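To start, the structure itself, in C-alpha coordinates.
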Amino acid sequence: MASLLFAVLALSSVGIAVAGNFNDDFKITWGDGRGRIVDNGQLLSLSLDKASGSGFESTHEYLFGKIDMQLKLVPGNSAGTVTAYYLSSQGPTHDEIDFEFLGNLSGDPYTLHTNVFTQGKGNREQQFHLWFDPTKDFHTYSILWNPSHIIFSVDGIPIRDFKNMESRGVAFPKSQPMKIYSSLWNADDWATRGGLIKTDWTKAPFTASYRNFNANACVWSAGTSTCSSKKSPSASPSNAWLNEELDSTRQERMRWVQKNYMIYNYCADLKRFPQGLPPECSVA
Ligand SMILES: *[C@@H]1O[C@H](CO)[C@@H](O)[C@H](O)[C@H]1NC(C)=O
(Lines give C-alpha, C1' and ligand atoms only; values in the text may rest on other atoms or scores of the structure.)
Protein backbone atom coordinates (compact mmCIF):
# COMPACT_ATOMS: atom_id res chain seq x y z
CA MET A 1 0.00 0.00 0.00
CA ALA A 2 2.76 2.41 0.94
CA SER A 3 4.61 1.63 -2.27
CA LEU A 4 1.46 2.07 -4.33
CA LEU A 5 1.02 5.46 -2.72
CA PHE A 6 4.61 6.26 -3.53
CA ALA A 7 4.11 5.31 -7.17
CA VAL A 8 1.16 7.66 -7.37
CA LEU A 9 3.15 10.46 -5.79
CA ALA A 10 6.03 9.81 -8.15
CA LEU A 11 3.74 10.02 -11.14
CA SER A 12 2.46 13.39 -10.08
CA SER A 13 5.78 15.07 -9.63
CA VAL A 14 9.10 15.62 -11.29
CA GLY A 15 12.44 13.85 -11.51
CA ILE A 16 15.76 15.61 -11.61
CA ALA A 17 18.04 15.49 -14.59
CA VAL A 18 21.71 15.08 -13.86
CA ALA A 19 24.24 15.55 -16.63
CA GLY A 20 26.90 13.53 -15.00
CA ASN A 21 30.27 14.25 -13.57
CA PHE A 22 31.86 11.05 -12.31
CA ASN A 23 33.49 12.90 -9.42
CA ASP A 24 30.08 13.94 -8.09
CA ASP A 25 27.96 10.99 -9.02
CA PHE A 26 30.22 7.98 -8.41
CA LYS A 27 32.96 6.67 -6.22
CA ILE A 28 35.49 3.97 -6.93
CA THR A 29 34.80 1.34 -4.29
CA TRP A 30 37.45 -1.33 -4.82
CA GLY A 31 40.46 -2.33 -6.88
CA ASP A 32 43.29 -0.48 -5.16
CA GLY A 33 43.91 2.13 -7.87
CA ARG A 34 42.67 0.02 -10.79
CA GLY A 35 39.55 2.18 -11.09
CA ARG A 36 40.16 5.79 -12.12
CA ILE A 37 38.19 8.95 -12.75
CA VAL A 38 40.02 11.30 -15.14
CA ASP A 39 39.45 14.27 -17.48
CA ASN A 40 37.76 16.38 -14.77
CA GLY A 41 35.20 13.71 -14.08
CA GLN A 42 34.30 13.09 -17.74
CA LEU A 43 35.85 9.63 -18.04
CA LEU A 44 36.01 6.64 -15.77
CA SER A 45 38.01 3.48 -16.37
CA LEU A 46 38.12 0.13 -14.64
CA SER A 47 40.89 -2.38 -15.03
CA LEU A 48 41.58 -5.98 -14.21
CA ASP A 49 44.84 -7.83 -13.79
CA LYS A 50 45.73 -11.12 -12.20
CA ALA A 51 45.76 -9.62 -8.70
CA SER A 52 42.40 -7.82 -8.78
CA GLY A 53 39.53 -6.32 -10.70
CA SER A 54 37.88 -3.02 -9.77
CA GLY A 55 34.51 -1.39 -9.35
CA PHE A 56 32.50 1.72 -8.63
CA GLU A 57 29.10 2.70 -7.33
CA SER A 58 26.86 5.74 -7.49
CA THR A 59 26.82 8.19 -4.61
CA HIS A 60 23.04 8.44 -4.87
CA GLU A 61 20.27 5.91 -4.55
CA TYR A 62 17.43 6.10 -7.03
CA LEU A 63 13.82 4.99 -6.95
CA PHE A 64 12.91 5.02 -10.64
CA GLY A 65 14.96 6.63 -13.33
CA LYS A 66 16.02 6.80 -16.91
CA ILE A 67 19.72 6.16 -16.78
CA ASP A 68 22.14 6.26 -19.68
CA MET A 69 25.80 5.33 -19.64
CA GLN A 70 28.27 4.97 -22.46
CA LEU A 71 30.65 2.03 -22.22
CA LYS A 72 33.59 0.90 -24.27
CA LEU A 73 34.39 -2.69 -23.44
CA VAL A 74 37.67 -4.56 -23.03
CA PRO A 75 39.12 -4.96 -26.56
CA GLY A 76 40.97 -7.87 -28.11
CA ASN A 77 40.99 -11.14 -26.23
CA SER A 78 38.59 -10.44 -23.38
CA ALA A 79 37.67 -14.09 -22.79
CA GLY A 80 37.06 -14.85 -19.11
CA THR A 81 36.40 -11.21 -18.17
CA VAL A 82 33.02 -9.87 -17.13
CA THR A 83 32.00 -6.22 -17.07
CA ALA A 84 28.86 -5.86 -14.97
CA TYR A 85 26.80 -2.69 -15.04
CA TYR A 86 23.66 -2.81 -12.93
CA LEU A 87 21.24 -1.26 -10.47
CA SER A 88 20.73 -2.96 -7.13
CA SER A 89 19.14 -2.42 -3.76
CA GLN A 90 20.50 -3.93 -0.55
CA GLY A 91 19.73 -7.04 1.43
CA PRO A 92 18.48 -10.60 0.90
CA THR A 93 15.21 -9.55 -0.73
CA HIS A 94 16.91 -7.05 -2.98
CA ASP A 95 15.82 -5.93 -6.43
CA GLU A 96 18.33 -5.77 -9.25
CA ILE A 97 18.43 -4.78 -12.92
CA ASP A 98 21.47 -6.19 -14.71
CA PHE A 99 23.56 -5.68 -17.79
CA GLU A 100 26.58 -7.99 -17.88
CA PHE A 101 29.06 -8.15 -20.73
CA LEU A 102 30.77 -11.52 -21.04
CA GLY A 103 34.11 -11.27 -22.84
CA ASN A 104 35.28 -13.50 -25.67
CA LEU A 105 38.23 -14.39 -27.84
CA SER A 106 39.33 -11.75 -30.37
CA GLY A 107 36.82 -11.68 -33.20
CA ASP A 108 34.17 -13.66 -31.32
CA PRO A 109 31.13 -11.75 -30.12
CA TYR A 110 30.59 -10.50 -26.61
CA THR A 111 27.47 -11.79 -24.89
CA LEU A 112 25.22 -9.16 -23.36
CA HIS A 113 23.49 -10.84 -20.46
CA THR A 114 20.42 -9.23 -18.83
CA ASN A 115 18.46 -10.17 -15.74
CA VAL A 116 15.84 -8.73 -13.38
CA PHE A 117 15.70 -9.67 -9.71
CA THR A 118 12.64 -8.91 -7.61
CA GLN A 119 12.54 -9.57 -3.87
CA GLY A 120 15.81 -11.52 -4.12
CA LYS A 121 14.62 -13.75 -6.95
CA GLY A 122 16.20 -13.62 -10.41
CA ASN A 123 16.23 -16.47 -12.94
CA ARG A 124 15.04 -14.16 -15.70
CA GLU A 125 18.02 -14.23 -18.01
CA GLN A 126 17.93 -13.02 -21.56
CA GLN A 127 21.15 -12.91 -23.56
CA PHE A 128 22.06 -11.17 -26.78
CA HIS A 129 24.88 -10.70 -29.21
CA LEU A 130 25.35 -7.12 -30.40
CA TRP A 131 25.00 -5.74 -33.91
CA PHE A 132 28.31 -3.85 -33.59
CA ASP A 133 31.73 -4.33 -32.02
CA PRO A 134 31.32 -2.91 -28.48
CA THR A 135 35.07 -2.51 -28.04
CA LYS A 136 35.75 -0.12 -30.94
CA ASP A 137 33.68 2.82 -29.71
CA PHE A 138 31.51 3.97 -26.86
CA HIS A 139 27.88 2.82 -27.06
CA THR A 140 24.97 3.85 -24.90
CA TYR A 141 23.38 1.32 -22.54
CA SER A 142 20.18 2.55 -20.92
CA ILE A 143 17.80 1.43 -18.25
CA LEU A 144 14.37 2.99 -18.07
CA TRP A 145 12.83 2.02 -14.76
CA ASN A 146 9.39 3.39 -13.99
CA PRO A 147 6.43 1.94 -12.04
CA SER A 148 5.18 0.01 -15.09
CA HIS A 149 8.25 -1.05 -17.07
CA ILE A 150 11.93 -1.85 -16.97
CA ILE A 151 13.19 -1.25 -20.49
CA PHE A 152 16.77 -2.13 -21.46
CA SER A 153 18.09 -0.27 -24.51
CA VAL A 154 21.30 -0.23 -26.52
CA ASP A 155 22.00 2.94 -28.52
CA GLY A 156 18.35 3.86 -28.05
CA ILE A 157 17.09 0.53 -29.43
CA PRO A 158 15.03 -1.37 -26.88
CA ILE A 159 16.15 -4.97 -26.40
CA ARG A 160 14.00 -6.01 -23.44
CA ASP A 161 10.83 -4.78 -21.75
CA PHE A 162 10.10 -6.27 -18.33
CA LYS A 163 6.56 -5.24 -17.58
CA ASN A 164 4.87 -4.77 -14.24
CA MET A 165 2.87 -7.99 -13.93
CA GLU A 166 1.80 -7.60 -10.34
CA SER A 167 -1.75 -8.33 -11.48
CA ARG A 168 -0.47 -11.88 -12.19
CA GLY A 169 1.37 -12.19 -8.93
CA VAL A 170 4.85 -11.29 -10.23
CA ALA A 171 6.70 -8.91 -7.93
CA PHE A 172 7.95 -5.69 -9.53
CA PRO A 173 10.77 -3.49 -8.20
CA LYS A 174 9.09 -0.32 -7.00
CA SER A 175 9.80 0.30 -3.34
CA GLN A 176 13.50 -0.38 -2.74
CA PRO A 177 15.89 2.37 -3.86
CA MET A 178 18.84 1.20 -5.91
CA LYS A 179 22.38 2.37 -6.53
CA ILE A 180 24.20 2.02 -9.83
CA TYR A 181 27.16 -0.34 -9.72
CA SER A 182 29.78 -1.51 -12.13
CA SER A 183 32.71 -3.84 -11.89
CA LEU A 184 35.24 -5.57 -14.09
CA TRP A 185 36.38 -8.92 -12.78
CA ASN A 186 37.68 -12.35 -13.69
CA ALA A 187 34.95 -14.96 -14.16
CA ASP A 188 36.78 -17.46 -16.31
CA ASP A 189 35.20 -20.35 -14.43
CA TRP A 190 31.92 -19.68 -16.31
CA ALA A 191 31.87 -16.59 -18.51
CA THR A 192 33.20 -17.66 -21.89
CA ARG A 193 31.77 -20.76 -23.53
CA GLY A 194 30.67 -21.93 -20.14
CA GLY A 195 34.17 -21.65 -18.63
CA LEU A 196 36.05 -23.59 -21.31
CA ILE A 197 38.07 -20.53 -22.33
CA LYS A 198 40.26 -18.99 -19.66
CA THR A 199 41.52 -15.47 -19.17
CA ASP A 200 44.83 -14.87 -20.97
CA TRP A 201 46.77 -12.97 -18.32
CA THR A 202 49.55 -12.15 -20.78
CA LYS A 203 47.02 -9.61 -22.19
CA ALA A 204 46.43 -7.91 -18.82
CA PRO A 205 45.61 -5.29 -17.74
CA PHE A 206 42.13 -5.41 -19.25
CA THR A 207 40.35 -2.05 -19.33
CA ALA A 208 36.77 -0.88 -19.81
CA SER A 209 35.79 2.81 -20.04
CA TYR A 210 32.71 4.85 -19.17
CA ARG A 211 31.52 8.30 -20.13
CA ASN A 212 28.43 10.52 -20.60
CA PHE A 213 26.47 9.30 -17.61
CA ASN A 214 23.04 10.86 -17.65
CA ALA A 215 20.29 10.23 -15.12
CA ASN A 216 16.79 11.54 -15.30
CA ALA A 217 15.87 10.00 -12.03
CA CYS A 218 14.19 10.21 -8.67
CA VAL A 219 16.97 10.50 -6.10
CA TRP A 220 16.20 8.84 -2.80
CA SER A 221 17.57 10.33 0.36
CA ALA A 222 16.67 9.83 4.03
CA GLY A 223 13.36 8.22 3.17
CA THR A 224 12.15 10.75 0.63
CA SER A 225 12.39 11.05 -3.11
CA THR A 226 13.13 14.13 -5.17
CA CYS A 227 10.10 13.05 -7.17
CA SER A 228 7.64 13.19 -4.28
CA SER A 229 8.93 16.41 -2.77
CA LYS A 230 8.42 18.62 -5.79
CA LYS A 231 5.05 20.11 -6.52
CA SER A 232 5.44 20.43 -10.27
CA PRO A 233 2.63 19.39 -12.60
CA SER A 234 2.80 15.85 -13.92
CA ALA A 235 2.68 17.00 -17.54
CA SER A 236 6.16 18.52 -17.35
CA PRO A 237 8.30 17.08 -20.18
CA SER A 238 11.18 16.33 -17.83
CA ASN A 239 9.28 13.56 -16.10
CA ALA A 240 7.57 12.02 -19.11
CA TRP A 241 9.80 8.99 -18.62
CA LEU A 242 7.80 8.07 -15.52
CA ASN A 243 4.93 7.13 -17.84
CA GLU A 244 7.00 6.05 -20.81
CA GLU A 245 6.34 2.82 -22.62
CA LEU A 246 7.29 1.49 -26.03
CA ASP A 247 5.30 2.82 -28.95
CA SER A 248 4.69 0.51 -31.91
CA THR A 249 7.83 1.64 -33.75
CA ARG A 250 10.05 0.86 -30.81
CA GLN A 251 8.26 -2.43 -30.19
CA GLU A 252 9.02 -3.32 -33.80
CA ARG A 253 12.71 -2.53 -33.26
CA MET A 254 12.78 -4.64 -30.13
CA ARG A 255 11.28 -7.55 -32.05
CA TRP A 256 14.01 -7.11 -34.68
CA VAL A 257 16.73 -7.36 -32.01
CA GLN A 258 15.10 -10.30 -30.29
CA LYS A 259 14.59 -12.17 -33.55
CA ASN A 260 18.13 -11.62 -34.83
CA TYR A 261 20.39 -11.20 -31.82
CA MET A 262 18.82 -12.95 -28.84
CA ILE A 263 20.78 -16.09 -27.99
CA TYR A 264 19.03 -17.13 -24.78
CA ASN A 265 15.56 -16.44 -23.40
CA TYR A 266 14.42 -17.95 -20.10
CA CYS A 267 10.86 -17.59 -21.35
CA ALA A 268 11.60 -20.12 -24.09
CA ASP A 269 13.47 -22.58 -21.86
CA LEU A 270 10.87 -25.30 -21.26
CA LYS A 271 13.53 -27.73 -20.04
CA ARG A 272 14.42 -25.40 -17.25
CA PHE A 273 10.83 -24.83 -16.18
CA PRO A 274 9.16 -28.24 -16.60
CA GLN A 275 6.28 -27.18 -14.33
CA GLY A 276 5.50 -24.29 -16.65
CA LEU A 277 7.11 -21.02 -17.66
CA PRO A 278 7.09 -18.12 -15.19
CA PRO A 279 3.81 -16.16 -15.36
CA GLU A 280 5.36 -13.02 -16.88
CA CYS A 281 6.36 -15.10 -19.90
CA SER A 282 2.79 -15.52 -21.10
CA VAL A 283 2.55 -11.84 -21.97
CA ALA A 284 4.39 -10.68 -25.07
C1 LIG B 1 31.82 -16.34 -27.80
O2 LIG B 1 31.87 -16.76 -29.14
C3 LIG B 1 31.19 -17.97 -29.39
C4 LIG B 1 31.46 -18.36 -30.84
O5 LIG B 1 30.98 -17.39 -31.74
C6 LIG B 1 29.70 -17.76 -29.11
O7 LIG B 1 29.01 -18.98 -29.30
C8 LIG B 1 29.50 -17.26 -27.68
O9 LIG B 1 28.14 -16.93 -27.47
C10 LIG B 1 30.36 -16.05 -27.43
N11 LIG B 1 30.22 -15.52 -26.07
C12 LIG B 1 30.59 -16.13 -24.95
C13 LIG B 1 30.45 -15.33 -23.71
O14 LIG B 1 31.01 -17.26 -24.89
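Because the structure is a prediction, the values reported are computed rather than measured. FYI, the numbering just counts along the sequence from 1. Counting starts at 1 for both ligands and their atoms, following the listed order.
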#### Entry: Non-hydrogen protein atom less than 4.0 angstrom from atom 9 (O) of ligand 1
yes
#### Entry: Option passing side-chain contact (heavy atoms from CB on, under 4.5 Å) with D200 (candidates N77, T81, L105)
N77
### Message
To check your reading of the model: name the closest protein heavy atom to atom 7 (O) of ligand 1, its residue, and the distance in Å.
### Response
H129 CE1, 4.7 Å
### Task
May I ask you to identify the nearest protein heavy atom to atom 14 (O) of ligand 1, giving residue, atom name and distance to one decimal place in Å?
R193 N, 3.0 Å
#### Entry: Proximal atoms of ligand 1 relative to G103 (non-hydrogen, under 4.0 Å)
13 (C)
#### Entry: Distance filter under 4.0 Å to L102 heavy atoms, resulting ligand 1 atoms
13 (C)
### Message
One thing to verify: whether R193 and D108 come together as a salt bridge, which I'm taking to mean a side-chain N less than 4.0 angstrom from a carboxylate O.
### Response
yes
### Rounded distance (nearest 0.5 Å) linking atom CG of L73 with atom CG of L130
8.0 Å
### Summary
The atoms of ligand 1 lying under 4.0 Å from a heavy atom of A191, numbered in the order shown, are 13 (C)
### Query
Do any nitrogen or oxygen atoms of T192 come within less than 3.5 Å of a nitrogen or oxygen of ligand 1?
no
### Query
Taking atom CZ of R253 as the centre, does the number of heavy atoms from other residues, nucleotides or ligands within less than 6.0 Å exceed 12?
no
### T111, any N or O under 3.5 Å of ligand 1 N or O
yes
## Note on the structure
If you scan protein heavy atoms around atom 2 (O) of ligand 1, the nearest is N104 ND2, 2.5 Å
### Message
Determine whether the aromatic ring centres of residues Y210 and F26 are separated by less than 6.0 angstrom.
### Response
no
### Task
State, without any angle test, whether R124 and T118 hold a side-chain donor-acceptor pair at a distance under 3.5 Å.
yes
### Summary
atom 5 (O) of ligand 1 has as its nearest protein heavy atom P109 CD, 3.6 Å
### Task
Please check if atom CG in D32 has more than 12 non-hydrogen atoms from other residues, nucleotides or ligands closer than 6.0 Å.
no
